[in-house]
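What you see below is based on every heavy atom in this structure, not just the backbone, and it leaves out hydrogens, waters and symmetry mates.
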Amino acid sequence: MKTNIPSGNTKEDIKVRKGIIIRFYQNWKQNNPTLRKYNLDLKDYINIRNISMTETAAHASKRYLSTLAVLQLDTILVNAQKIKTEVTKQKTNNQNAFERMIIMGYSLPGIGKVNLVVGVKRSNRAKVQYCITAIETK
């Protein structure tokens with residue numbers, strides 16, 4: 001099924017892109033019952049959880065290229081490489097479950113540099129995809 005992704009920056013464009021991202025994750029979950037992909041650089045699985053969809057939909061929907069990047073989820077999860085590790089933001093409730101965030105990068109043809117943020121859970125050290133966004137290059 002072909003989907004037209006609006007490239008503008010109106011509230012309506014952002015709303016449509018957010019819906020596209022949410023539907024994409026819902027379909028992805030149906031096609032990937034383990035809800036995870038093995039990352040070659042981390043040598044560990046990156047899990048997809050509800051936070052993955054909500055954070056990514058909120059952030060990636062704001063920019064056309066970020067929305068396009070999300071549609072390459074499998075490639076990014078498998079091939080992204082660790083850039084650095086950061087402590088979680090104390091005042092961000094969505095990051096409370098994580099002890100640290102791993103910032104990863106991947107270069108997608110036609111889109112450019114993409115950031116993948118992976119949270120490391122406090123409870124069991126599981127790695128969870130937190131957010132995906134394209135990095136604007138000038």
Novice: What distance do T56 atom OG1 and I21 atom CD1 have between them, rounded to the nearest 0.5 Å?
Specialist: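 T56 atom OG1 to I21 atom CD1 measures 7.5 Å (nearest 0.5 Å).
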Novice: Are I103 and L108 in one and the same hydrophobic cluster, where Ile, Leu, Val, Met, Phe, Trp and Tyr link if side-chain heavy atoms are under 4.5 Å apart?
Specialist: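 Each belongs to a different hydrophobic cluster.
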Novice: Please determine which of K121, R125, R122 meets the salt bridge (charged side-chain N to carboxylate O under 4.0 Å, His left out) test together with E99.
Specialist: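 When K121, R125, R122 are each tested with E99, the salt bridge (charged side-chain N to carboxylate O under 4.0 Å, His left out) holds only for R125.
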Novice: Less than 4.5 Å apart, any side-chain heavy atom of W28 and any of M53?
Specialist: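 In short, these two side chains do not touch, never coming nearer than 4.5 Å.
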Novice: What residue among L116, V128, I76, L35 forms side-chain contact (heavy atoms from CB on, under 4.5 Å) with I46?
Specialist: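 That would be L116.
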Novice: Apply side chain to side chain contact (heavy atoms under 4.5 Å, CB included) to residues N79 and L40 and explain how you reach the verdict.
Specialist: CA-CA 6 Å; N79 297 303; L40 299 172; 3.7 Å; yes
Novice: For N50 and K29, which I'm curious about, is there any donor-acceptor pair between the side chains at under 3.5 Å?
Specialist: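 The answer is yes; a qualifying pair exists.
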Novice: Within this structure, what is the CD1-CD distance for the pair I22 and Q26, rounded to the nearest 0.5 Å?
Specialist: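 Rounded to the nearest 0.5 Å, the CD1-CD separation comes to 7.0 Å.
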Novice: Going from CE on M104 to NZ on K127, what distance comes out if it is rounded to the nearest 0.5 angstrom?
Specialist: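 Going from CE on M104 over to NZ on K127, the span is 9.5 Å.
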Novice: Between N47 and Q129, does a side chain to side chain donor-acceptor pair (under 3.5 Å) hold up when you go through it step by step?
Specialist: CA-CA 6 Å; N47 299 279; Q129 183 245 309; over 6 Å; no
Novice: Grab the two heavy atoms, one from A58 and one from S61, that are nearest each other, plus how far apart they are.
Specialist: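 Taking every non-hydrogen atom into account, O-OG, 3.6 Å.
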Novice: Please check this pair: side chain of N39 against backbone of D41, looking for a donor-acceptor N/O pair closer than 3.5 Å.
Specialist: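 Flag set: sc N39 to bb D41 pair under 3.5 Å.
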Novice: Do any pairs count as a ring pair (Phe, Tyr, Trp, His ring centres under 6.0 Å) and have a residue in residues 59-112, sequence neighbours left out, and if so which ones?
Specialist: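 Counting only pairs at least two positions apart or across chains, the ring pair (Phe, Tyr, Trp, His ring centres under 6.0 Å) contacts touching residues 59-112 are F98-Y130.
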Novice: Got a second to check how far K113's NZ is from T133's OG1, nearest 0.5 Å?
Specialist: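 If I round to the nearest 0.5 Å, the distance is 10.5 Å.
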Novice: Take L73 and F24, measure what side chain to side chain contact (heavy atoms under 4.5 Å, CB included) needs, and give me the verdict at the end.
Specialist: CA-CA 9 Å; L73 181 64; F24 173 80; 3.7 Å; yes
Novice: Would you say the side-chain atoms of Q95 pair up with the backbone N or O of K89, donor to acceptor, closer than 3.5 Å?
Specialist: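 The answer is yes, because a donor-acceptor pair under 3.5 Å joins these two groups.
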Novice: Transitively linked via ILVMFWY side-chain contacts under 4.5 Å: M101 with I132?
Specialist: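 They do not share one cluster, since no chain of ILVMFWY contacts under 4.5 Å joins M101 to I132.
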Novice: Measuring only between side-chain heavy atoms, which start at C-beta, is E86 closer than 4.5 Å to K84?
Specialist: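 Touching, per the 4.5 Å side-chain cut-off.
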Novice: Write down the atom of P6, the atom of I20, and the distance for their closest heavy-atom approach.
Specialist: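 That closest heavy-atom pairing would be CD-CD1, 4.3 Å.
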Novice: Indicate every side-chain donor-acceptor pair of residues 65-72 with a distance under 3.5 Å to a residue at least two apart or in another chain.
Specialist:
| residue | atom | partner | partner atom | Å |
| --- | --- | --- | --- | --- |
| S66 | OG | A134 | N | 2.8 |
| T67 | OG1 | A60 | O | 3.0 |
| T67 | OG1 | R63 | O | 3.2 |

Novice: Once you round to the nearest 0.5 Å, how far does CG of N94 lie from SG of C131?
Specialist: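 N94 atom CG to C131 atom SG measures 10.5 Å (nearest 0.5 Å).
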Novice: V118 and side-chain contact (heavy atoms from CB on, under 4.5 Å): which partner among D44, L77, T85, I102?
Specialist: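 The passing option is I102.
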